[in-house]
2 protein chains.
Amino acid sequence: MTVLSPRTHSMPVSNPFSALKNLLDASEIVTDPIPLLTDQRGRYTGSADIVLQPKSIENVQKIMRFCFEHRIPVTPQGGNTGLCGAAVPNGGVLLNLSKLNRIRNINLADNSITVDAGCILKNVQQAAEQADRFFPLSLASEGSCQIGGNIACNAGGLNVLRYGAMRDLVIGLEVVLPDGESIEHLTPLHKNTTGYDLRHLFIGSEGTLGIITGATLKLFARHQSKSTAWVGTPDIESAVHLLSLVQASFAERLISYELISDFALTLSSEFSKLSPPTQAPWHVLIELGDSLPHQNLDDILAEFLYEQGFENAVLAHSEAERMDLWILRENISASQRKLGASIKHDIALPIKHTAEFIKRCATALKTAYPEIQIVVFGHLGDGSLHYNTFLPQVLSNEVYRYEDAINTIVYNHVIDLEGTIAAEHGIGQVKNQWLPQVRSKAEIDLMRAIKAQLDPHNILNPGKLLP
Amino acid sequence: MTVLSPRTHSMPVSNPFSALKNLLDASEIVTDPIPLLTDQRGRYTGSADIVLQPKSIENVQKIMRFCFEHRIPVTPQGGNTGLCGAAVPNGGVLLNLSKLNRIRNINLADNSITVDAGCILKNVQQAAEQADRFFPLSLASEGSCQIGGNIACNAGGLNVLRYGAMRDLVIGLEVVLPDGESIEHLTPLHKNTTGYDLRHLFIGSEGTLGIITGATLKLFARHQSKSTAWVGTPDIESAVHLLSLVQASFAERLISYELISDFALTLSSEFSKLSPPTQAPWHVLIELGDSLPHQNLDDILAEFLYEQGFENAVLAHSEAERMDLWILRENISASQRKLGASIKHDIALPIKHTAEFIKRCATALKTAYPEIQIVVFGHLGDGSLHYNTFLPQVLSNEVYRYEDAINTIVYNHVIDLEGTIAAEHGIGQVKNQWLPQVRSKAEIDLMRAIKAQLDPHNILNPGKLLP
């Protein structure tokens, strides 16, 4: 792999990148690659010998065949919105999928949509809406992230409680393998038992096993009725208990179930200039949705909360009131910045262990760092938490010196309570040293063996995901 | 593998099966193995040198370590209700999981249940019900099939439209690998992105990659309201169109959407001594369910069908009427027996191609066999069809002489319209010669490579699934 050194940029005739260029149209070669070499947060900057944006599956295959033959590393990249550095290249080809961006078809009989991997998530949501359907994946970067990246990192987001993560939304995939061979199953088959399900190997593999070029995704009915409540609870255990009651009664009407600490609410309330809806140590934001109109969900939910003894509750009686409740939830991230730079964690736990985790981890952190401030909120309905820690007396640019120590405390508590250190952002190059803590040696050996089978020359996104 | 010949039963001291026995308790060695060597339909009879029913995971590991070392084939078996001969042994060890049958725990906060692989499906359904929850997998053999087998063949059944196939119901797995190593992820994590998802490799692998010993499964809210309608439609296209309309309006309230040909209804109606609810070329049975009580679904569904122009419809106004509609549907299998022995097909298609398949395949079959009778019905909501063919002038015991020829016509039409030749029963030893028609060479090569990695001596269920 000596051809990959940055020093080969001077392109002698024998330079393979020159030959690679000749396989493609000039418009598929990016002339200003700089913005694509750094991740969204500016945390990682990589290098590439060439940055390509192929316009056809055939050209993706051409690129891979060439790179396979010449042992050139290839880093696939979608919208470059990842948070773990998985799409930052380290020499070789940066293969950006942005120009494969067609909505291929919508199939109402099968409730499915087939799209190119480079489609922006927002565009897929809108295409579904135009067909009177709903595509549920929703996350902060939906205006720029791409479907291929969402699949490669098994994206989560706001609607996992009700609709599952990206893995659960994929019916079929089209993938170009490291040797340029293509595997394609885009047909919407809802029952199929014909051998090993390779689709799920590629989902969540962070571009290390194949280049996703297309996908068939599930569509759902749109919501016609909604009800939104804010409930104060005396402790986390009560919030967990209420979740269980709500799920048993409202089933899939339950779209969101968010936990907010009182400290987080205080910050957001001041920032948003909105009064706290309830006074309590912990708060829950509940949203119900229904595909039928006029479902009178407000009355049913109000009666339910009263009967179950959760009377410290406020229901939104108008769209404006509903928006205010969501503003309080969504402004937590912005409002906490006054505490300084933070060390954040993308974690999830079995829901029944959430309360114990929050208590035990806070005690441990405060013992080690008496001044530490912890902002806890998240999607309790699917067990994932935003767990943000601040050291107000440390200068912002020095906070990261504490990162390893704080991560170690937080992750050890997560692991001890059977949680995961990577809920929805993936591993990338940020957390691969932690992988052996959450996957056994047998599993990592098996992952390596699968990787070696599919990618014998280790050309696809080397250095990512696997430790 | 010469040790595996049936002639080694006489057990000299050097016989490995004798040493294997010594690793286990006497109660784990089956003394009357004959009933376990033949499949439920009596179509395949195998042989085994020894039949084991281990009572602990540790003993499953012991068995696998021993068999790995001595290159002894192992066939895993659950309730032995499979329809494709996947659990029929061909020498070596038959490893029956029936004695691993504990419900380990129910976790209401996470809406999950953790069970041993040998739990009978019905017992899992009942355990869920006792906890005021619903486990949705439901199929004809639920009184004897086991969870491990359901996972190994990715079972489908009645509720796939609403709740997905078994694959979609598995949160976590515990698996013993061919070398005796165990992989275990039974924690209910609803978001987790820590490397390749090995769980989905084992689901649907028909016991060729590992022995499933335990699983964590999803639970759901129980239904408190129901509505059931029988609708006559002028053609299949109308039935498909109505499905799309019902899904857009009723979303996950739609539990069942069954298609029944008029010929199937006539047979069942005579057999059941019940009048046909509607007069039409095709019929649809729709069932809605809701986790909330008193939802007035009958009125909403009646109004919806009227507004959409589907007036040739009957609603069940009592539980007795509802049962009568379901009896008509469920008696089709029994009622068709008067036509003689049948050649049946477990197929699924993209729903939008269902009508074209049914028409084209009937034309082809009738051209080849003018006397052929075709009984078509199935779960249109998930695209799978029961497609049963009868040759009334052929003696029952001679029907199977036509099987290959009829399968070829049916499967070629299925494949041509992007369907699958195995919707919910798997491949086993019945259909492996057909696998190369529905999976590409690249895919089968990859499956073989994964198999070789996990099971280098090919001891786990050899001869099944892969061609």
Side-chain angles (χ1 to χ4, degrees), chain A residues 107-111 132 153-154 156 160 165 177 181 183 187-198 200-201 203-205 220-221 240 244 247-252 291-292 348 350-352 382-384 418 420 422-427 435 438-440 442-443 446-447 449-450 453 465, chain B residues 107-111 132 153-154 156 160 165 177 181 183 187-198 200-201 203-205 220-221 240 244 247-252 291-292 348 350-352 382-384 418 420 422-427 435 438-440 442-443 446-447 449-450 453 465:
Chain A
N107 171 344
L108 291 186
D110 288 280
N111 249 344
D132 193 28
C153 76
N154 186 24
V160 173
L177 301 181
E181 188 77 51
I183 287 182
T187 309
L189 288 172
H190 306 281
K191 277 183 182 167
N192 190 13
T193 58
T194 48
Y196 308 158
D197 193 325
L198 304 175
H200 284 290
L201 264 189
I203 301 172
S205 68
F220 296 85
V240 169
S244 175
Q247 283 188 308
S249 277
F250 293 96
E252 55 288 317
S291 64
L292 291 174
I351 295 164
K352 71 170 176 177
D382 63 40
S384 72
E418 303 183 283
T420 177
E424 53 186 348
H425 300 164
I427 297 291
L435 205 63
V438 289
R439 306 294 298 262
S440 69
E443 289 178 283
L446 183 50
M447 286 191 227
I450 290 168
Q453 275 300 336
L465 185 62
Chain B
N107 172 345
L108 292 185
D110 288 280
N111 248 342
D132 194 28
C153 76
N154 186 22
V160 173
L177 301 181
E181 189 77 52
I183 288 182
T187 308
L189 287 172
H190 307 280
K191 277 184 181 166
N192 189 13
T193 58
T194 49
Y196 308 158
D197 194 324
L198 304 176
H200 284 289
L201 264 189
I203 302 172
S205 68
F220 295 85
V240 169
S244 174
Q247 283 189 309
S249 277
F250 294 96
E252 55 287 316
S291 63
L292 291 175
I351 295 165
K352 71 170 176 177
D382 61 41
S384 72
E418 303 184 283
T420 176
E424 52 186 349
H425 299 165
I427 296 292
L435 205 64
V438 289
R439 304 294 297 263
S440 69
E443 288 177 284
L446 184 48
M447 287 192 228
I450 290 169
Q453 275 300 335
L465 186 63

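Each chain gets a letter, A, B and so on, in the order the sequences are listed, and its residues count up from 1.
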Residue from A:L198, A:V438, A:L465 scoring the most non-hydrogen pairs under 4.5 Å with chain B is A:L198
Gap separating the OG atom of B:S384 from the CG atom of A:L189, nearest 0.5 angstrom
10.5 Å
By a 4.5 Å heavy-atom criterion (distance strictly below it), what part of A:Q247 contacts chain B: side chain, backbone, both, or neither?
both
Highest number of heavy-atom pairs under 4.5 Å with chain A among B:Q453, B:H425, B:E181 belongs to B:Q453
Proximity breakdown for A:L292 and chain B, heavy-atom pairs closer than 4.5 Å
both
For residues B:I351 and A:N111, determine if any side-chain heavy atom of one lies less than 4.5 Å from a side-chain heavy atom of the other.
no
Using a cut-off of under 4.5 Å on heavy-atom pairs, state which of A:A165, A:P188, A:G156, A:S249 scores highest against chain B.
A:S249
Side chain, backbone, both or neither: which part of A:N154 has a non-hydrogen atom closer than 4.5 Å to chain B?
both
Distance check, rounded to the nearest 0.5 Å: B:D197 atom CG versus A:M447 atom CE?
9.5 Å
Return the minimal non-hydrogen interatomic distance between A:A251 and B:S291, and the atom names on each side.
CB-OG, 3.4 Å
At their closest point, which heavy atom of B:V160 faces which heavy atom of A:H190, and how far apart are they?
CG1-O, 4.0 Å
When heavy-atom pairs shorter than 4.5 Å are enumerated against chain B, which of A:G426, A:A348, A:A442 gives the highest number?
A:G426
Between A:G204, A:G195, A:G383, which has the largest tally of heavy atom pairs under 4.5 Å with chain B?
A:G195
With a 4.5 angstrom heavy-atom cut-off, could you sort out which part of A:L446 is near chain B: side chain, backbone, both or neither?
side chain
At a heavy-atom distance under 4.5 Å, which candidate from A:L435, A:I203, A:N107 has the highest pair count against chain B?
A:N107
Given that the side chain runs from C-beta out, which part of B:E424 has a heavy atom under 4.5 Å from chain A: side chain, backbone, both or neither?
both
Derivation and outcome, side chain to side chain contact (heavy atoms under 4.5 Å, CB included), residues A:L201 and B:I450:
CA-CA 11 Å; A:L201 264 189; B:I450 290 169; 3.8 Å; yes
Is chain B contacted by the side chain of A:F220, its backbone, both, or neither, given a heavy-atom distance below 4.5 Å?
neither
Smallest separation among heavy atoms of A:T187 and B:P350, with atom names:
CG2-CG, 3.1 Å
Toward chain A, the part of B:V240 with a non-hydrogen atom under 4.5 Å
side chain
Can you measure from OG1 (B:T194) to CZ (A:R439) and round to the nearest 0.5 angstrom?
5.0 Å
For the interface with chain B, which of A:L177, A:I183, A:D132 has the highest count of heavy-atom pairs at distances below 4.5 Å?
A:I183
In terms of heavy-atom proximity below 4.5 Å to chain B, should A:L108 be classed as side chain, backbone, both, or neither?
both
